Protein chains: 2
Amino acid sequence: MENKTPDSEAINADLVNKIKPNMPKKELLYDLSDFFKVMGDSTRIQLLWALEENELCVGELAAILDMTKSAVSHQLKVLRTAKLVRSQKRGKNVYYSLNDEHVQIIVKMALEHVCE
Amino acid sequence: MENKTPDSEAINADLVNKIKPNMPKKELLYDLSDFFKVMGDSTRIQLLWALEENELCVGELAAILDMTKSAVSHQLKVLRTAKLVRSQKRGKNVYYSLNDEHVQIIVKMALEHVCE
DNA sequence: ATTATAGTTGAACATTTATTCAACTGTCAA
DNA sequence: TTGACAGTTGAATAAATGTTCAACTATAAT
């Protein structure tokens with residue numbers, strides 16, 4: 001009776017050995033998850049959302065989000081480090097704008113997912 | 001001298017009042033950031049990556065990721081709650097598979113961003 | 001029935017993270 | 001120069017998060 005399909009299969013070692021070497025390298029893995037981590041905060045999503053409409057300075061962003069300039073500035077730094085926004089100082093103000101065309105598409109895809 | 005362009009502009013209230021009402025509602029905002037939070041972990045990225053190749057049970061996933069079944073199970077629960085994977089029990093095993101076609105596209109876009 | 005295996009679960013622990021607060025820099029106006 | 005405003009920064013606090021461990025359920029094999 002060796003050809004019967006078992007009710008429960010042991011783990012498929014061949015499949016594991018085929019998939020394991022195709023896994024992404026640690027570095028790429030961290031880059032990917034770090035990118036999503038940056039997007040995974042409602043304050044930063046709002047900042048990106050607002051900047052899709054216009055270049056805006058910190059005070060304007062703080063007014064739109066109803067938050068302190070300090071809190072906004074901290075989060076803008078995260079977005080800047082991730083290269084999702086860029087900043088430009090003009091007079092007393094620092095104006096921020098989007099720096100990556102992928103972001104708008106990614107947010108749109110995510111919207112389709114969460115709106116199902 | 002009232003028509004000179006000021007070296008430093010005060011915040012643009014009209015712009016703020018135009019953008020503010022177009023901001024996403026709290027609920028949508030949390031749904032969006034929660035989605036990205038789920039993607040923002042290297043273990044869960046690996047799970048999704050592996051499941052793109054094949055339906056896999058918990059033990060196989062644990063072997064591929066070199067992690068305990070417990071840790072994998074905890075993260076699979078997060079993915080299940082977010083409706084990114086679905087599970088199906090067969091015998092003693094629980095097989096997981098992808099549940100959302102958006103995810104592969106979103107990961108691909110994110111790859112393009114981080115690989116620049 | 002008993003034993004072994006697959007997977008889930010909750011508590012605990014350590015780490016990360018977002019906001020607040022106060023102090024600071026730099027620029028403009030008087 | 002003095003004062004006001006825009007923004008940044010670091011420390012502190014509180015909240016969220018990932019993995020481990022041990023205990024548990026459920027299914028299969030003997």
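Computed over heavy atoms, backbone and side chain alike; hydrogens, waters and symmetry mates excluded. These numbers were taken from a predicted model, which means no experiment stands behind them. Lettering of chains follows the sequences in order, A, B, ..., and the numbering in each one begins at 1.
The hydrophobic clustering, which links ILVMFWY residues whose side-chain heavy atoms are closer than 4.5 Å, places B:Ile106 and A:Tyr30 apart. If you chain together hydrophobic residues whose side chains sit under 4.5 Å apart, B:Leu98 and B:Tyr95 never meet in one group.
In this structure, the CD atom of B:Gln75 is 16 Å from the P atom of C:dG7, given to the nearest Å. For the pair B:Asp66 CG and D:dT19 P, the computed distance is 13 Å after rounding to whole Å. Rounded to a whole Å, the CG atom of B:Leu79 is 10 Å from the P atom of D:dG18. A straight line from CD of B:Gln46 to P of D:dG18 spans 14 Å, rounded to a whole angstrom. Whole-Å rounding puts the A:Lys37 NZ to C:dA18 C1' distance at 15 Å. We find that CZ of A:Arg44 is positioned 9 Å from P of C:dT17, with the value rounded to whole Å. Atom P of nucleotide D:dC5 and atom CG of B:Asn12 are separated by 18 Å, given to the nearest angstrom. When rounded to the nearest whole Å, the span between CE of B:Met39 and P of D:dT17 equals 16 Å.
For A:Ile11, the side-chain atoms get nearest to C:dA6 when compared with the rest of D:dG7, C:dA6, D:dT19. The B:Lys89 side chain lies nearest to D:dA26 when the options are D:dA26, C:dA18, C:dT8. Which of C:dT20, D:dA6, C:dT8 sits closest to the side chain of A:Lys69 comes down to D:dA6.
For D:dT17, its base never sits under 3.5 Å from the side chain of B:His74 at any donor and acceptor pair. B:Ser70 contributes a side-chain N or O that forms a donor-acceptor pair with the base of D:dC21 under 3.5 Å.
Salt bridge annotation for B:Arg90-B:Glu55: present, with a cationic side-chain nitrogen under 4.0 angstrom from a carboxylate oxygen.
The CG atom of A:Leu111 sits 10.0 Å away from the CZ atom of B:Phe35 when rounded to the nearest 0.5 Å.
Looking at A:Arg44 and A:Leu84, their side chains never come closer than 4.5 Å, going by heavy atoms from C-beta outward.
B:Thr43 comes within 4.0 angstrom of sugar-phosphate atoms only, judged by non-hydrogen atoms across all strands, and of no base.
Contact between the side-chain N/O atoms of B:Tyr96 and the OP1/OP2 oxygens of C:dT8 is found at a separation under 4.0 Å. OP1 or OP2 of C:dT9 lies within a sub-4.0 Å distance of a side-chain N or O belonging to B:Lys77. At the phosphate of D:dG7, OP1 or OP2 sits under 4.0 Å from a side-chain N or O atom of A:Asn93. Here B:Lys92 does not reach the OP1 or OP2 of D:dA28: none of its side-chain N or O atoms lies under 4.0 Å away. Not one side-chain nitrogen or oxygen of B:Arg90 sits closer than 4.0 Å to the OP1 or OP2 atom of D:dT27.
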